Each structure stands twice: as C-alpha cells, then as structure tokens.
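Have a look at the structure below, then the notes.
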Amino acid sequence: MKLGWFKSRFEQGSVAVPEFTVKTTAGVMLSGMVLVLPFCINNLVNERYLLSGLSFIIAALCAISALSCHKGEYSWGINLFVLTPVIMITIPLITYQQGLIGTFWAFLAVLAFYVILTERIAWFVNALFILIMIPVSWLVVDIELFVRFVIMLLITSAFAAIFIRIINAQHDLLEEQVVTDPLTGLYNRTLLQTSLEQAIHQYQRASVQMSLIMMDIDHFKSINDELGHDKGDEVLKSFSKRLKESFRGTDKVFRLGGEEFLALVYDANTTKASNIAEKLRADIEENSMIPERRVTLSLGVAGIEKTQDWNQWLISCDKKLYTAKHKGRNQVVA
C-alpha cells in the first residue's frame, strides 16, 4: 500500500503540502534560477560545457518548480527525482574542477534541500550529499581548509534541520488549533465541508460507503441551568472522550456547536452506522456521565447518496436527528 501511495504521488507530480511550504519553495526556486543563470553563461563563455549544461538544467528545473508552486502545487516528482539528483551531481563536480570556490555551493544546497523536500527525506538527502562532498573536497582542498569546510557544512546542515523542525512544529500546532475545538479536542466546523466533499468523491470513485451520525445530548440546557456551566463542560469533555473511543482513526468526529456532534463514518452503510449509533446510545444511557442523573442521547443516521452534495447530506442527517428528538429523544433514527 505504501508503494502504491508513493507511485501515485510520483505519477501525479504534485502532493498536497502546507501553503507556506509552497510559497517558500516558490521563492527559493525563483531565487535559485536567478542566481544560477549568470554562472551558466560564465561556464559557457569559459568553455566549461558540462558545468554550463548542468547549471542550465538546474535553472530550468527551478523555473518549472517555481511556476508549479505559483499555481499552488508542490512539485514532488520534479524536486525529488530530478532536481535533487542533478544538484548532487553538479556541486561535487564543480568542487572537483574548481576546488575551494566550488565548495561554497554546498552550503546553499544543504539549505535548499530542507526547503524543497519534505523534512524526513531532506535528512537522508543531506546525509548522502555530505558523504559525497567529504571525499571530493578532500581531493582538492588543503587539509586545514578541508576540516573547516566539513565542520561548517555539518553545522549548516544541523542548523537548517533544527530551523525547519521548529517551523514545521509551530505550523502543525497552529493548524491543529485552527481545526480543533478547544474544549473537547474534536474537530470543529472548519474541516467539515472539505471532509464531506472528500467522502462523496471517494464514494463516487470507488463506491466506498459513507455515513453520517449526528448526535445531540438530550436536555443539555437543563444540565447547565441546574448544575452550572462547569458541570456542563465536564459532560461535553466526558462525552467527547467516549466518542474518540467509539470511532476508528479513519472516522472523523466534529463538534458542530453546543451539545451537537457529528461523526463521519468511513466504509459504513446505513445499517452498520445505525448499529454503531445504537451501541453508543446504550452506552451513554447505561453509564451516565453525571452521578445519580440520567443522561441520554438522540442520534440521526444518514447514508450517502450519489445525487447529494455535502450540504444536502448534512441536512438529511439533521432531519433524522430532529425526528429522533421529536419522537421522544433517547433513540436512533436512520
């Protein structure tokens, strides 16, 4: 399965990455193109045709990648399978032919790898690049300069790795805060439309059954009024914990607002989703979230239909929930 995913990304030529990564890569690629072009001309004038050709290829690939990023797509295939190998060939060759001057390009390369590649792949690429540069620079640089070059190259690579790790960690944290409900830790409405649209597309392409389960804690307002909002928050947290335990990692659970929740259940038809909903309803009724007080749950279940868009699907499930509440609550309607 992993090989299939890897192959599909290679064939597509692009992969979804954070917007800031796309924009950063675009800037680096554009700068690389502008920086490398004069050296292409210089190598050509000085009849270093191989270096001129390789430099021109790098500049052209930078331009293609920058254009792709400008369109909002990250050029996975180009950056990893074409540009990276060309850089790893060109810079050792420049170093071998020009000596110390050629080693300067190595510092730009280790920085660029962490920008144009995913973080984990950049670690391996940089390690391999450094292993290539060490014997090449040993052949053409004096021992004192060689030692300093290797130390500085390692430090530059380490600094770049730390810098990118911190940026990615901060981005992941901010992204989680944007899409997560702070009280329950469940998804908020931010990803709702996108998630439902993806589920519909998957159903249309591969006929994978999808279902929605909408849930509402019965008489939640009375809990807040009689016991206070702190107790109400405890109930929401406890219920959210049970939801996380009840659904699989492939499913998505949202807090729509207040005491209303929604689960997107993958690979489940209406019957299977109804069984999941009923099991959850019974568990909440039998194991009250508040000592000496009965807490129940109303649920609506809606399977997916080919003619529905995401909003129609959501409305259909909401109507089922309304029916469950109208019929007396503490039940599942599908």
Side-chain angles (χ1 to χ4, degrees), residues 1-37 53-92 105-133 156-157 160-176 178-179 191 194-195 197-199 201-202 205-206 208 249-250:
M1 182 172 291
K2 289 183 178 180
L3 289 176
W5 179 92
F6 190 78
K7 181 181 178 182
S8 68
R9 289 300 184 273
F10 174 69
E11 290 173 348
Q12 291 170 6
S14 62
V15 63
V17 296
E19 183 180 358
F20 85 94
T21 301
V22 175
K23 291 182 177 180
T24 302
T25 302
V28 170
M29 290 300 184
L30 186 60
S31 300
M33 181 193 68
V34 174
L35 178 66
V36 170
L37 278 176
L54 290 172
S55 300
F56 178 78
I57 292 173
I58 291 176
L61 291 172
C62 286
I64 294 172
S65 184
L67 180 61
S68 177
C69 289
H70 179 69
K71 295 178 180 178
E73 298 178 351
Y74 174 77
S75 303
W76 169 267
I78 293 175
N79 292 347
L80 177 59
F81 297 107
V82 185
L83 180 58
T84 295
V86 173
I87 291 175
M88 295 182 70
I89 292 172
T90 303
I91 294 180
W105 289 97
F107 299 103
L108 293 177
V110 296
L111 294 174
F113 287 144
Y114 279 108
V115 176
I116 68 175
L117 302 174
T118 59
E119 183 180 356
R120 184 168 296 181
I121 291 177
W123 293 345
F124 292 104
V125 169
N126 260 301
L128 179 60
F129 178 70
I130 291 172
L131 289 175
I132 294 173
M133 287 300 300
T156 301
S157 181
I162 293 170
F163 183 67
I164 291 297
R165 175 86 295 272
I166 292 174
I167 288 179
N168 287 339
Q170 288 297 314
H171 174 269
D172 292 343
L173 178 61
L174 291 173
E175 187 177 61
E176 182 179 353
V178 168
V179 302
L191 292 179
T194 301
S195 299
E197 287 177 341
Q198 289 175 346
H201 292 159
Q202 190 170 354
R205 290 196 311 268
V208 178
T250 53

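Source: prediction; values computed, not measured.
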[X]: which residues meet the side-chain contact (heavy atoms from CB on, under 4.5 Å) condition with it, sequence neighbours left out?
X	result
Ile162	Ile166
Ile57	Leu61, Val86
Gln198	Thr194, Lys252
Val34	none

In Å and rounded to the nearest 0.5 Å, what is the [atom1] to [atom2] distance from [X] to [Y]?
X	Y	atom1	atom2	result
Leu67	Glu73	CG	CD	9.5 Å
Met29	Ser68	CE	OG	9.5 Å
Met133	Leu131	CE	CG	11.5 Å
Ile91	Ile58	CD1	CD1	6.5 Å
Leu80	Ile121	CG	CD1	5.0 Å
Glu197	Gln202	CD	CD	14.0 Å

Quick one: side chains of residues 107-114, donor-acceptor pairs under 3.5 Å with protein atoms, not counting sequence neighbours, listed by atom name and distance.
none

(request) Please report the shortest heavy-atom distance between Leu37 and Ala59, naming the atom on each side. (result)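 Heavy atoms of Leu37 and Ala59 come nearest at CD2-CB, 3.9 Å.
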(request) Taking side chain to side chain donor-acceptor pair (under 3.5 Å) as the test, write out the residues that go with Ser65, two or more places apart. (result)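 Ser65 satisfies side chain to side chain donor-acceptor pair (under 3.5 Å) with Asn79 only.
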(message) So, using side chain to side chain donor-acceptor pair (under 3.5 Å) as the criterion, who are the partners of Asn168 when residues are at least two apart?
(response) Glu119
(request) Would you list the pairs meeting salt bridge (Lys or Arg N to Asp or Glu O under 4.0 Å) in which at least one residue belongs to residues 74-88, sequence neighbours left out? (result)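 Residue pairs with at least one partner in residues 74-88: there are none.
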(message) I'd like to check Lys23 versus Cys69 (side-chain heavy atoms, cut-off strictly below 4.5 Å). Are they in contact?
(response) no
(request) Could you pull out all residues at least two apart from His171 that satisfy ring-ring contact (aromatic ring centres under 6.0 Å, His included)? (result)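 Once residues adjacent in sequence are excluded, the partners of His171 under the ring-ring contact (aromatic ring centres under 6.0 Å, His included) criterion are Phe20.
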(request) Using modelled atom types only, decide if a donor and an acceptor are shared between the side chain of Ser55 and the backbone of Val36 within a distance under 3.5 Å. (result) no
(message) Tell me which one of Ile87, Thr118, Thr84, Ile130 satisfies side-chain contact (heavy atoms from CB on, under 4.5 Å) with Val125.
(response)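 Exactly one candidate clears the test, Thr84.
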